[in-house]
Protein chains: 2
Amino acid sequence: MSDDSRFRGALDHILELVVLLNDDMTQSLAKEGLTVSRATLLWTLRQRGPCTQRVLAEDLGVSARTVTGLVDGLVATGFVVREPHPTDRRATLVTFTERGEATIRAQERAQGEFGRQLFAGMPAERFDGFTAGLADVLDTLHDLGLTHRPAVTA
Amino acid sequence: MSDDSRFRGALDHILELVVLLNDDMTQSLAKEGLTVSRATLLWTLRQRGPCTQRVLAEDLGVSARTVTGLVDGLVATGFVVREPHPTDRRATLVTFTERGEATIRAQERAQGEFGRQLFAGMPAERFDGFTAGLADVLDTLHDLGLTHRPAVTA
DNA sequence: TATTGTTATACTCTATAACTATA
DNA sequence: TATAGTTATAGAGTATAACAATA
């Protein structure tokens, strides 16, 4: 088998992984009343602490208008509140509600459990080979100019 | 370092890969006047040959209404045409235009090139370790009940 | 004058439900 | 009666541009 077709097979597997995880994430979040975009905002908020919508827009890489919509949705469903900024009366501080904090903590636990389910049954040598190759792939992607804002990773 | 935190790190890398590839695909397709959803329909059409919207809806896992919208967009931008079904006058056959075929062939070439860029510089042993681990991960995901319709992979 | 966030407007993707034409 | 596809309607995410309030 040619290298090209082996590369192509590996790329296909990566794309299958992308589709699989994206669909699963979408469905799981929907059960909690969240979308992927809104959850990404919550993850950013978790790392940042209370912050302005301007900061969220930059971290998420979306427009200010989009953040207004996402925060509107999260306020309506009770995950966050808008609080006045202590020194800048133009700005608002987006802050978790108790429900929002509980939800994000539950998601962190679920991610830990998911990691165990994925890898705990894998021989150590196999796991090491996989993570090494994955790191190489990410390095190559960065070299190719693909960058992203780390909003999902904890 | 605990297994849990190693698992967590690997999962974070996978999620980074997901975000990175998704963003890159979105941007590349936008340059050709396509969205990810519309391109996915074209890939399905490439595998199926001319087919009804009903078939496309099932393969893509979306509603008939959604396919109407996607095909509307692809017709307006010149990638496909609706042709009458030879035997069933209710149905339409969605078919590539020349531009649509040329686009899909260019994407296939680009994917091949992308595979080479990703893996050609990787030592054979590293590549084998990565693909073996990746296959294990996909098996585990299937065992966990995550399935998908293979619309992206060629 | 510059910045924060909103309203106004528009496009895409998604869904359910009602409807038309055909099988 | 069932199926293929559309129209009607709605919600979510995305964007640009104009605007208000404040810095």
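Chain letters run A, B, ... following the sequence lines, proteins first and then strands; every chain starts at 1.
A donor-acceptor pair under 3.5 Å is absent between the side-chain atoms of A:Thr95 and the main chain of A:Pro50, judged by distance alone. Within the 3.5 Å criterion, the main-chain N or O of B:Leu56 finds no donor-acceptor partner in the side chain of B:Thr44. Checked by atom type and distance alone, the side chain of A:Glu58 never pairs as donor or acceptor with a backbone atom of A:Arg54 at under 3.5 Å. Judged purely by atom type and a 3.5 angstrom limit, B:Thr131 has no side-chain atom pairing as donor or acceptor with the backbone of A:Ala10.
What separates CZ of B:Arg38 from P of C:dT14 is a distance of 11 Å, to the nearest Å. If you take CG of B:Leu56 and C1' of C:dC13, they are 16 Å apart, rounded to a whole angstrom. A:Asp23 has its CG atom 14 Å from the C1' atom of C:dC13, to the nearest Å. Rounded to whole Å, the distance from CG on A:Leu29 to C1' on D:dA12 is 14 Å. Rounded to whole Å, atom P of D:dG13 lies 11 Å from atom CG of A:Asp72. Here D:dT7 presents its C1' atom at 14 Å from CD of B:Gln53, a figure rounded to the nearest Å. Across the protein-nucleic acid pair, B:Gln27 atom CD and D:dA15 atom C1' stand 15 Å apart, rounded to whole Å. Whole-Å rounding puts the B:Leu74 CG to C:dT12 C1' distance at 12 Å.
Under the side chain to side chain donor-acceptor pair (under 3.5 Å) criterion, B:Ser63 pairs with B:Thr66, sequence neighbours left out. Residues passing the ring pair (Phe, Tyr, Trp, His ring centres under 6.0 Å) test with B:Phe96: none are found, sequence neighbours excluded.
Map A:Thr66 and B:Ala64 each onto its nearest nucleotide of DNA chain D; the residue landing nearer the 5' end is B:Ala64.
At C:dA15, one or more side-chain N or O atoms of B:Ser63 fall inside 4.0 Å of OP1 or OP2 (strictly under the cut-off). Distances shorter than 4.0 Å separate none of the side-chain N or O atoms of B:Thr52 from OP1 or OP2 on D:dA4. Note on B:Thr68: a side-chain N or O is less than 4.0 Å away from OP1 or OP2 of D:dT6.
Ring geometry for B:Phe127 versus B:Phe119: interplanar angle over 60°, hence perpendicular rather than tilted (30 to 60°).
Contact annotation for B:Ser37: backbone-only contact, meaning every heavy-atom pair under 4.0 Å involves sugar-phosphate atoms and none involves a base. When heavy atoms are screened at a 4.0 angstrom cut-off, A:Arg54 is found touching the sugar-phosphate backbone but no base atom.
Of the residues in residues 78-93 of chain A, those with a non-hydrogen atom less than 4.0 angstrom from any atom of DNA chain C are A:Arg82, A:Arg90, A:Ala91, A:Thr92.
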